[in-house]
> 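Below you'll find the structure I mean.
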Protein chains: 2
Amino acid sequence: MARTTGSDGEKTEAAVREAAVNLIARQGYEAMSMRQLAAEVGVQAAALYRYFPTKEELLFTLMREHMEGLGAAWERARPADAEPRRRLSAYVRNHIAFHIERRHATHVSNMELRSLSPERLTHILRLRTAYEKELRAILRDGADSGAFSIDDVGLTAMALIQMMTGVIVWFRPDERLSIAEVTATYLSMTMRLVGAKVESTEERHVHEHAQLRA
Amino acid sequence: MARTTGSDGEKTEAAVREAAVNLIARQGYEAMSMRQLAAEVGVQAAALYRYFPTKEELLFTLMREHMEGLGAAWERARPADAEPRRRLSAYVRNHIAFHIERRHATHVSNMELRSLSPERLTHILRLRTAYEKELRAILRDGADSGAFSIDDVGLTAMALIQMMTGVIVWFRPDERLSIAEVTATYLSMTMRLVGAKVESTEERHVHEHAQLRA
DNA sequence: GAATTAATTGAACGTTCGTTTTATTATTAT
DNA sequence: ATAATAATAAAACGAACGTTCAATTAATTC
């Protein structure tokens, strides 16, 4: 056989990406074979090389697009307002929403960094650092203006990101808590963690609704 | 050749464990070959099978002993005192100290769960759950007694563990902050996160010394 | 409808993998 | 000294790996 009826390059490439994200998230990059990925897509392994020159390039593409998507999402979500509490609130909401929606891709981007060549690793880390820098700026502004009470800005930023991204490890959309409830609780924890002095009306409203369990 | 002069089973096994932890932490379990591990130890691959029947059994042994060690460390560190703030403080200190001391082993235990067979995975997860349960108990007691102000105990426990364990991702012992400084800052963040009402004299003392950066 | 291009198959390449087997040497016990 | 045992080397196993290549068919263009 050769070309199959109804075959379409764009559809196949999209199917490869999706299957790859799921397989790598579940088994790990090294444990996923190109043959297994091809079988998942319903194609022979050789066909994959029409879309990605190597296995690592496939991994890199998935990671790069995920990180670029995260940055782009924050660009859209970033409030014009300069008020630190509102900016931090927007950052937390965007971060959690983005990562819950893309659990598998996040897993891949966080766990498979060591499978990248040095140059590609640097590329991904640069994207990540730029995104984290935004959080540090918010924390610093808030600390300077007295809106937050923070011991160490860099350390607090890492702690917050670690805490928020950790959601994808245990969160399952069909269980006890909804995305909105989880987000509200994490917002509340974040604000306390940075020692946010006074809350805006909007946020106090959210916190009240976050009293899920006494 | 066969047995080499000065060869000793106990020493070889210890060397295998140490090399395996480092290699798996750096490259991942799947990416580490038995031949590479053997070369690191200075031995032939076949010799490894005298100590571990399979590659997976080696991984499992490393993980199990790490998790058992974590539980045992907490047993020793757990205060007789029932006061929630003091118990939480002890939990945080023990957790951070243990994980910073065993960065590589922690990495392995957190990242390579998917390489375990279902039964072995269950075994490890049981150990982990038992350890996390201790934290949930502390948080619940504190919430019940009014010492803490917590929205959701389960969620807060996950957030705290995620945040604390995250230290190993970025902490390097030779950099800006000492272990003591990091621990102090994390203690401060933890107490704020759980809304600890009043601090003991001992802890306020620590917090004052944690003002590393304004 | 013929020529061209796009998409895929099937087979094969050399390499590496985890593991097993057998032989050999060092150490320990008798 | 000799026998038993512990620790390793060396070689080999079949299977699986990422990747390449030539052939073949479907879709598109002219």
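Sequence lines set the chain letters: A, B, ... in the order given, protein chains first and strands last, and positions in each chain run from 1.
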> Which nucleotide wins on minimum distance to the side chain of A:Thr4, given the candidates C:dG18, C:dT9, C:dT21?
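Within the option list, the nearest is C:dT9.
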> Taking NZ, NE, NH1 and NH2 as the nitrogens, is one of them in B:Glu57 or B:Arg120 under 4.0 Å from a carboxylate oxygen of the other?
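B:Arg120 and B:Glu57: salt-bridged.
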> Would you say the ring centroid of A:His95 lies under 6.0 angstrom from that of A:Tyr186?
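Aromatic pair excluded; centres sit 6.0 Å or further apart.
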> With a 4.0 Å cutoff (strictly under), does any side-chain N or O of B:Gln44 reach OP1 or OP2 of D:dT8?
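No, no such contact exists.
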> Go through the structure and list residues passing salt bridge (charged side-chain N to carboxylate O under 4.0 Å, His left out) with A:Glu101, not counting sequence neighbours.
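Result, salt bridge (charged side-chain N to carboxylate O under 4.0 Å, His left out) vs A:Glu101: none returned.
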> Quickly work out the B:Phe52 CZ to C:dG18 P distance and round it to whole Å.
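Distance check: B:Phe52 CZ to C:dG18 P gives 15 Å.
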> Among the candidates C:dG18, D:dT20, C:dT19, find the nucleotide nearest to the side-chain atoms of B:Ser33.
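Nearest nucleotide to the side chain: C:dG18.
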> Is it true that A:Glu112 and A:Lys55 have a side-chain N and a carboxylate O under 4.0 angstrom from each other?
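Looking at A:Lys55 together with A:Glu112, the answer is no, because their closest N to O distance does not fall below 4.0 Å.
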> Distance check: side-chain N/O of A:Thr12 vs OP1/OP2 of C:dT8, anything under 4.0 Å?
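Checking C:dT8 against A:Thr12, a side-chain N or O does come within under 4.0 Å of OP1 or OP2.
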> Can you tell me how far C1' of D:dC17 sits from CG of A:Leu37, to the nearest Å?
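Value for this atom pair: 14 Å.
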> Nearest-Å distance, CD (A:Glu57) to P (D:dT20)?
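Going from CD in A:Glu57 over to P in D:dT20 covers 13 Å.
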> Map A:Ala31 and A:Pro53 onto DNA chain D by nearest heavy atom, then report which one ends up closer to the 5' terminus.
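Closest to the 5' end, via its nearest nucleotide, is A:Ala31.
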> Starting at atom CE of B:Met34, determine the distance to atom C1' of C:dT20, rounded to an integer number of angstrom.
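In whole Å, C:dT20 C1' and B:Met34 CE are 13 Å from each other.
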> With a 3.5 angstrom cut-off on both distances, give the Watson-Crick or G-U wobble partner of C:dT30, or none if there isn't one.
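Its partner is D:dA1.
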> What contact category does A:Tyr51 fall into here, base, sugar-phosphate, or nothing, at under 4.0 angstrom with non-hydrogen atoms?
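Result for A:Tyr51 = sugar-phosphate.
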> Please state how far atom CG in A:Leu48 lies from atom P in D:dT19, giving the value in whole angstrom units.
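The distance from CG of A:Leu48 to P of D:dT19 comes to 10 Å, rounded to the nearest Å.
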> Is it true that, when you exclude A:Glu18 itself, more than 12 heavy atoms of the residues, nucleotides or ligands shown sit nearer than 6.0 Å to its CD?
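Open: at most 12 neighbouring heavy atoms sit under 6.0 Å from CD of A:Glu18.
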> Just how far, in rounded Å, is C1' of C:dG18 from CG of B:Leu59?
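It works out to 14 Å between those atoms.
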> To the side chain of B:Tyr49, which of D:dA9, D:dG18, C:dG18 is closest?
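Comparing D:dA9, D:dG18, C:dG18 against the side chain of B:Tyr49, the answer is C:dG18.
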> Starting from the 5' end of DNA chain D, give me the residue, B:Arg35 or B:Arg50, whose nearest nucleotide shows up first.
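This one resolves to B:Arg50.
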> Measure from CG on A:Leu58 to P on D:dC17 and round the result to the nearest Å.
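Going from CG in A:Leu58 over to P in D:dC17 covers 16 Å.
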> Rounding to an integer number of Å, can you tell me how far B:Met32 CE sits from D:dC17 P?
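B:Met32 atom CE is separated from D:dC17 atom P by 18 Å.
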